[in-house]
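Letters A, B, ... mirror the listed sequences (proteins, then strands); counts begin at 1. The figures that follow rest on heavy atoms only: side chains count, while hydrogens, waters and symmetry mates do not. Source: prediction; values computed, not measured.
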Amino acid sequence: MKVYNTLTRQKEELIPIKAGEIKMYACGPTVYNFIHIGNARPICVFDVLRRYLEYRGNKVSFVQNFTDIDDKLIKKAAEEGITVAEVAERYIKEYETDAKGLGVLPATFHPRATENIAEIIRIVSELCEKGFAYAVNGDVYFRTKKDEGYGKLSHMPLEDLDAGNRIDVSEQKEDAMDFVLWKAAKPGEPSWHSPWGEGRPGWHIECTAMIYKYLGETIDIHCGGQDLIFPHHENEIAQAECCSGHEYVHYWMHNGYINVDNRKMSKSLNNFFTTRAVAEKYGYEPIKFMMLQAHYRSPINYSIEVIEQCTAALDRLHTCRDNLDFALKAAAESATESEAVLMAQLPARREQFIAAMDDDLNTADGIAALFDLARDINTAVVQPRSAEYLNAAAAMFDELCAVLGLLYNRCEKNLGSLEDEVEALIAKRAEARKNKDYKLSDEIRDKLKDMGVVLEDTPQGVKWQLIK
RNA sequence: GGCGCCAUAGCCAAGCGGUAAGGCAGAGGUCUGCAAAACCUUUAUCCCCGAUUCGAUUUCGGGUGGCGCCUCCA
């Protein structure tokens, strides 16, 4: 598989540190609010990466953190009159609801910053001992000038960074480019004991601490949004490589933004849509589809029109899969000779899918393979088919969907207590149609529709569906 | 100022040296009592100008127009 590496700015063959095993880390949410769909993009996309790597036979250790201590959490807690821990607890739960809704699998580990303070202190101490960090009045800063490699991820020369209008020219820092590893506690803030006094971790250190603890000092893949490249990931590399003395991450993968009216969706522009709000109106699945129909590094311009188009596209897939189930009920005993061609189409679509996904996770082309499969199936199912073919087709369809994390919410076709009544009506309508009493048959169809059951007449008999 | 990204049909979106995947919407048709679904057909000289090449949407140079990072941000 080839993967675009931000570090080298080119696609590279993904070669794991240990064959057949992948260690990957994704920066997770800061849990002070509901996630918006911009936050949902890396969650969806890198879940698919993880699934695909597993699909291709790798054992994947995937860590995604929760940032549960930070200025925003503290602010939120103060506003609501609750503790920081309560804020975190609440929004981790909400995150989990959204992640589940989006069909995203839990990571192997979901560590929290506050659970890893000891490891954080250990790393900061070591950086101090090695001269890469210095303490001032309870704060600890990283000395960027001492790190020769600083800037290699973002490819930004230090001097030119200085030329920009920087902020936070803290008098405490030796250099404007230095960043905080440990912050002295202010009164009333949550804090932990440390060699530098009461305090809490700075912005970037938690990710490195969790990677060290759960995955090791060198990992295969580190991913996140493009806005994390600088300074977050740049700083991670600096602190990690200066601490351990060896390479931190082999492949850096960054997803593009979700835009609104062509501008980055963000809290500060106040142009964001929470995942929850969109899901309540359209469901989670169209959001997921929207994320995957474009390449993960391309920007996506969110709009109602786009989400509705995604819904329609998804309907085609759902219908195809339902048709397979329906056809199975009337399936012939065994495969006919003419089905050999159809059977051969199936693995060809898998090849097509894999070729797409191998090329830097091209989910857009992967979805195209799925749609091509759907066309093959729809064409085949026009005639009665054997259970052998239908089951094989369904298995292939489900296989590809599972990698993409799509069609995970196929509705239950359960009529429950209505079953007898519905079946009686369907039988009555069949009788009416036989007698060419179309007025009655249409009345019955309308009645069933009011009950939430939609009928379709097919050559293989009547097919019913529950209205979503 | 520094460092980047993007520009493909009405809309979304792949492709990135051999005259354009897939989806949505539209049009026509097949099937059907009707409807629905499905299937078939149909809708693009790939922002502009140069250069390289037998050949460029795809490479290079120059424009134009969007956007991002350099500050917390996915």
Mind checking the [atom1] distance from [N] to [M]? Whole angstroms is fine.
N       : M       : atom1 : answer
rG65(B) : rU57(B) : P     : 24 Å
rC39(B) : rC69(B) : P     : 42 Å
rC3(B)  : rC24(B) : P     : 44 Å

For Arg410(A) and His318(A), run side chain to side chain donor-acceptor pair (under 3.5 Å): C-alpha distance rounded to whole Å, both residues' side-chain angles, the deciding distance at 0.1 Å, then the answer.
-> CA-CA 7 Å; Arg410(A) 296 187 61 215; His318(A) 273 108; 5.6 Å; no

Considering only heavy atoms, which members of residues 427-439 of chain A lie under 4.0 Å from some atom of RNA chain B?
-> Arg429(A), Arg433(A), Tyr438(A)

Under a 4.0 Å heavy-atom cut-off, which of residues 253-263 of chain A touch RNA chain B?
-> Asn255(A), Gly256(A), Tyr257(A), Ile258(A), Asn262(A), Arg263(A)

Can the positive tip of [X] be found less than 6.0 Å from the middle of the six-membered ring of [Y], inside 45° of the ring normal?
X         : Y         : value
Lys267(A) : Phe272(A) : yes
Arg433(A) : Tyr438(A) : no
Lys264(A) : Tyr257(A) : yes

Give a yes or no on whether Glu13(A) atom CD has more than 12 heavy-atom contacts from other residues, nucleotides or ligands under 6.0 Å away.
-> yes

Is a donor-acceptor pair below 3.5 Å formed from side chain [X] to base [N], judging by atom type as modelled?
X         : N       : result
Arg375(A) : rA38(B) : no
Asp457(A) : rC34(B) : yes
Arg445(A) : rC34(B) : yes
Lys264(A) : rC73(B) : yes

Nearest whole angstrom, please: distance from the [atom2] of [N] to the [atom1] of [X].
X         : N       : atom1 : atom2 : value
Ile74(A)  : rC72(B) : CD1   : C1'   : 13 Å
Leu324(A) : rA38(B) : CG    : C1'   : 13 Å
Gln64(A)  : rA74(B) : CD    : P     : 11 Å
Phe353(A) : rA21(B) : CZ    : C1'   : 16 Å

After noting the C-alpha distance and the side-chain angles of Tyr302(A) and Ile307(A), does the key distance pass the side-chain contact (heavy atoms from CB on, under 4.5 Å) rule?
-> CA-CA 8 Å; Tyr302(A) 171 80; Ile307(A) 212 81; 4.0 Å; yes

According to the interplanar angle, ranging from 0 to 90°, do the rings of [X] and [Y] count as parallel (below 30°), tilted (30 to 60°) or perpendicular (above 60°)?
X         : Y         : value
Tyr214(A) : Phe109(A) : tilted
Phe289(A) : Phe371(A) : perpendicular
Phe142(A) : Phe179(A) : parallel
His232(A) : His204(A) : tilted

Closer than 4.0 Å, any side-chain N/O of [X] to the OP1 or OP2 of [N]?
X         : N       : value
Arg9(A)   : rC3(B)  : no
Asn39(A)  : rA74(B) : yes
Arg297(A) : rC5(B)  : no

Contacts of Pro459(A) and Gly224(A) projected onto RNA chain B by closest heavy atom; the upstream (5') one is Pro459(A)

Between Glu94(A) and Arg276(A), is there a salt bridge with N-O shorter than 4.0 Å?
-> yes

Using a strict cut-off of less than 4.0 Å between a Lys/Arg side-chain nitrogen and an Asp/Glu carboxylate oxygen, indicate whether Lys100(A) and Glu96(A) qualify as a salt bridge.
-> no

Counting Watson-Crick and G-U wobble pairs only, both distances under 3.5 Å, name the nucleotide matched with rG61(B), or none.
-> rC49(B)

Between rC72(B), rC24(B), rG22(B), spot the one nearest the side chain of Phe371(A), thanks.
-> rG22(B)

With the side chain of Thr319(A) defined as its heavy atoms from C-beta on, choose the nearest nucleotide among rC72(B), rA37(B), rA21(B).
-> rA37(B)

Listing time: all N or O pairs from protein to nucleotides 9-16 of chain B that are below 3.5 Å?
from, atom 1, to, atom 2, distance (Å)
rC11(B), O2', Gln309(A), NE2, 3.2
rC11(B), O2, Gln309(A), OE1, 3.2
rC11(B), O2, Gln309(A), NE2, 3.2
rC12(B), O4', Gln309(A), OE1, 3.4
rC12(B), O2', Gln293(A), NE2, 2.6
rA13(B), O2', Gln293(A), O, 3.4
rA14(B), OP1, His295(A), N, 2.5
rA14(B), OP1, Ser298(A), OG, 3.1
rA14(B), O3', Asn362(A), ND2, 3.0
rA14(B), O2', Asp365(A), OD1, 2.3
rA14(B), O2', Asp365(A), OD2, 2.6
rG15(B), OP1, Asn362(A), ND2, 3.0

